[in-house]
Amino acid sequence: MSTKTTALVVLTTISFVIGCSPADAERNGNDASRASLQKDADALVSKGAPGVLTELRTPNGAVKVRSGEGDTDAKTPVPWDAHFRIASFSKTFVATTLLQLVGEKRLSLDDTVEKWLPGVVTGNGNDGSKITVRQLLQHTSGIPEYLVGVPVFTESDFRQHRFDKHSPADLVALAMRQTPAFAPGAGWSYSNTNYVLAGMVIGKVTGQDWRAAVDERIIKRLGLRNTSAPGHSTALPHPHATAYERFPEDVTADPLRFGKPVDVTELNPSYAEAAGELVSTTNDALVFLEALISGRLLAPAELAEMQKTVPAPSLQSVWPEARYGLGIAWIPTACGGYWSHAGDIQGFQTRNGITPDGKRGVIVSMNTDSVIPKDSSTPPTPLEDPSFDLVKNALCDRG
């Protein structure tokens with residue numbers, strides 16, 4: 001929010017609040033938050049998002065706004081209670097589940113991957129006996145990225161392979177064809193392979209699929225009726241927006257040029273596996289974040305481990321000074337900072353944030369992962385997170 005806008009909101013709020021009741025103050029505060037949130041949602045549409053749905057929850061109540069179109073052909077908005085793929089935000093659910101098991105003494109963060117998954121991480125310099133569970137969750141393992149071997153990132157590949165079924169073992173095998181990015185613990189590199197392995201570890205420890213463990217320990221426990229792990233199901237639960245993606249025309253070009261939007265609503269999300277398969281809603285996602293940060297899902301010792309962060313260089317190019325813990329990132333801002341985990345998958349981009357006290361949280365969903373102005377074929381440079389201002393403004397604006 002600009003200084004001018006902030007001043008206007010403050011002056012407007014003061015003019016209404018002086019001499020009014022606490023209920024009036026709360027209503028006026030929500031009105032100011034709604035206006036700011038709506039402005040930022042509209043800005044995302046101007047940047048190229050087909051549709052936007054965002055919700056802010058504070059001690060004064062919840063505010064939800066939407067902008068643009070959930071279906072560009074029908075010219076209809078994003079449904080208020082839309083389901084969407086949360087992609088890598090799923091990692092926070094998986095990390096929470098593993099940390100619960102750590103708290104129950106069923107495994108240790110210092111256990112090696114080899115202990116739980118013998119013979120899985122091996123070849124081309126990859127060695128599971130030197131990688132710990134902590135390093136998986138923190139992306140400090142050096143394990144290479146399996147997604148480079150999954151053919152879904154050009155339009156022709158996506159159309160041909162969008163319904164392919166993938167197993168976690170097959171995905172890890174794709175990563176093992178490559179050499180490590182660095183020795184375990186010697187650096188930081190975001191790799192989805194870490195969380196496919198984390199899901200496999202949950203399976204070994206509990207004797208149940210990671211999806212069942214997340215469902216039992218988080219989804220059912222918090223009453224998240226609209227959150228699910230779809231497995232090989234290609235459809236989204238209703239209601240939902242249509243998901244769109246603009247694919248690069250030539251992946252070797254510099255700069256990349258992107259084609260027209262393609263409907264990618266139906267796909268088999270098993271290629272995301274425990275690294276990014278979950279589906280949720282704005283309400284469910286915020287209930288989860290609030291419960292996590294307020295200590296309802298993890299004991300103090302395990303929550304403290306989750307929030308021990310290291311520098312995350314590749315994230316810092318988008319979120320300055322960002323640091324990564326165990327399945328969650330710390331994003332500093334002028335008003336302090338917030339906990340967050342972004343999510344990106346064909347057709348959806350999810351951003352979120354929650355203050356350290358767990359009292360103010362926001363989530364935004366866009367029905368595309370390629371936010372490019374409609375009249376352009378190239379993304380903005382330098383690389384930016386289009387939702388950063390919305391999240392930052394929502395969490396910094398105290399009314």
Side-chain angles (χ1 to χ4, degrees), residues 85-98 113 117 120-121 123-124 126 128 131-154 157-158 161-162 164-182 184 187-203 209-211 214 229-232 245 251 264 267-280 310 312-315 317-318 322 324-329 340-352 369:
R85 296 189 172 97
I86 66 172
S88 283
F89 182 29
S90 304
K91 292 179 173 69
T92 313
F93 288 74
V94 171
T96 300
T97 300
L98 251 179
V113 174
L117 305 173
V120 173
V121 177
N124 291 311
N126 297 287
I131 297 169
T132 66
V133 172
R134 182 192 302 277
Q135 290 166 343
L136 292 182
L137 298 182
Q138 200 169 54
H139 295 297
T140 53
S141 69
I143 287 177
E145 175 61 71
Y146 75 86
L147 278 177
V148 299
V150 180
V152 291
F153 296 102
T154 66
D157 281 348
F158 180 84
H161 296 285
R162 68 192 297 176
D164 289 359
K165 295 182 178 180
H166 301 273
S167 72
D170 290 342
L171 296 176
V172 173
L174 289 175
M176 295 301 101
R177 297 177 184 177
Q178 310 164 59
T179 57
F182 47 79
W188 191 91
S189 180
Y190 192 93
S191 173
N192 288 284
T193 313
N194 287 310
Y195 275 77
V196 174
L197 288 164
M200 295 170 73
V201 171
I202 290 173
D209 184 88
W210 69 266
R211 299 172 182 86
V214 169
H232 293 295
E245 191 69 14
V251 294
V264 296
L267 57 81
N268 187 322
S270 62
Y271 77 85
E273 244 285 326
E277 184 185 295
L278 296 183
V279 170
S280 193
V310 296
S314 60
L315 296 187
S317 63
V318 181
Y324 200 89
L326 305 184
I328 200 164
S340 175
H341 206 300
D344 296 81
I345 193 170
Q346 282 88 346
F348 289 101
Q349 188 170 111
T350 301
R351 298 291 185 265
N352 53 59
D369 189 36

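Residue indices begin at 1 and follow the sequence shown.
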>> Before you tell me yes or no, could you show the steps for Thr97 and Trp210 under side-chain contact (heavy atoms from CB on, under 4.5 Å), namely the whole-Å CA-CA distance, both residues' side-chain angles and the distance that decides it to 0.1 Å?
In response: CA-CA 9 Å; Thr97 300; Trp210 69 266; over 6 Å; no

>> Val113 vs Val120, test: side-chain contact (heavy atoms from CB on, under 4.5 Å). Steps then yes/no.
In response: CA-CA 8 Å; Val113 174; Val120 173; 5.8 Å; no

>> Once rounded to the nearest 0.5 Å, what's the spacing between atom CG of Asp164 and atom CG of Asp170?
In response: 11.0 Å

> If we ignore angles and hydrogens, is there a donor and acceptor under 3.5 Å between the side chains of Ser88 and Tyr190?
Replying inline: yes

>> Here's a test for you: under side chain to side chain contact (heavy atoms under 4.5 Å, CB included), which of Leu174, Val172, Asn194 qualifies with Tyr146?
In response: Leu174

>> To the nearest 0.5 Å, what is the distance between CD1 on Ile328 and CG on Leu137?
In response: 12.5 Å

> Out of curiosity, Leu98 CG to Lys91 NZ, how far, rounded to the nearest 0.5 Å?
Replying inline: 13.5 Å

>> Looking at every heavy atom in both Ser314 and Ser317, which two are closest together, and how far apart are they?
In response: O-OG, 2.9 Å

>> Please give me the minimum heavy-atom distance between Ser280 and Ile86, naming the atom from each residue.
In response: CB-CG2, 3.7 Å

>> Does Asn192 form a side-chain contact (heavy atoms from CB on, under 4.5 Å) with Glu145? I'd like the steps, not just the answer.
In response: CA-CA 6 Å; Asn192 288 284; Glu145 175 61 71; 3.0 Å; yes

> If you round to the nearest 0.5 Å, how far is OG of Ser270 from NE2 of His232?
Replying inline: 5.0 Å

> Has the side chain of Ser141 got a donor or acceptor atom that lies under 3.5 Å from a matching backbone atom of Ile131?
Replying inline: no

> Just how far is it from atom CD of Gln135 to atom OG1 of Thr140, taken to the nearest 0.5 Å?
Replying inline: 4.5 Å

>> Using every non-hydrogen atom in the two residues, find where Val310 and Gln138 come nearest and quote the distance to one decimal.
In response: CG1-NE2, 3.7 Å

>> Run Thr193 and Val121 through side-chain contact (heavy atoms from CB on, under 4.5 Å) and show every step you take.
In response: CA-CA 10 Å; Thr193 313; Val121 177; over 6 Å; no

>> Rounded at 0.5 Å granularity, tell me how far CG in Leu117 sits from CG in Leu136.
In response: 8.5 Å

> What salt bridge (Lys or Arg N to Asp or Glu O under 4.0 Å) pairs are there with at least one residue in residues 341-352, not counting sequence neighbours?
Replying inline: Asp344-Arg351, Arg351-Asp385

> Checking side-chain hydrogen bond (donor to acceptor under 3.5 Å, both in side chains) against Tyr271, which of Glu277, Gln346, His161, His166 comes through?
Replying inline: Gln346

>> Is it the case that the side chains of Thr179 and Asn124 hold a donor-acceptor pair, with the cut-off being a distance below 3.5 Å and no angle test?
In response: no

> Taking the inter-plane angle between the rings of His139 and Trp188 on a 0 to 90° scale, is it parallel (under 30°), tilted (30 to 60°) or perpendicular (over 60°)?
Replying inline: perpendicular

> Going by heavy atoms in the side chains, are Thr154 and Val251 under 4.5 Å from each other?
Replying inline: yes

> Which atom names give the shortest non-hydrogen contact between Pro144 and Pro180, and what distance separates them?
Replying inline: CD-CA, 4.1 Å

>> Determine whether the aromatic ring centres of residues His341 and Tyr324 are separated by less than 6.0 angstrom.
In response: yes

> Is Thr92 reaching over with its side chain to a backbone N or O of Gly327, donor-acceptor style, under 3.5 angstrom?
Replying inline: yes

>> Tell me if a side-chain donor or acceptor on Ser340 pairs with a main-chain N or O of Asn352 at a distance below 3.5 Å.
In response: yes

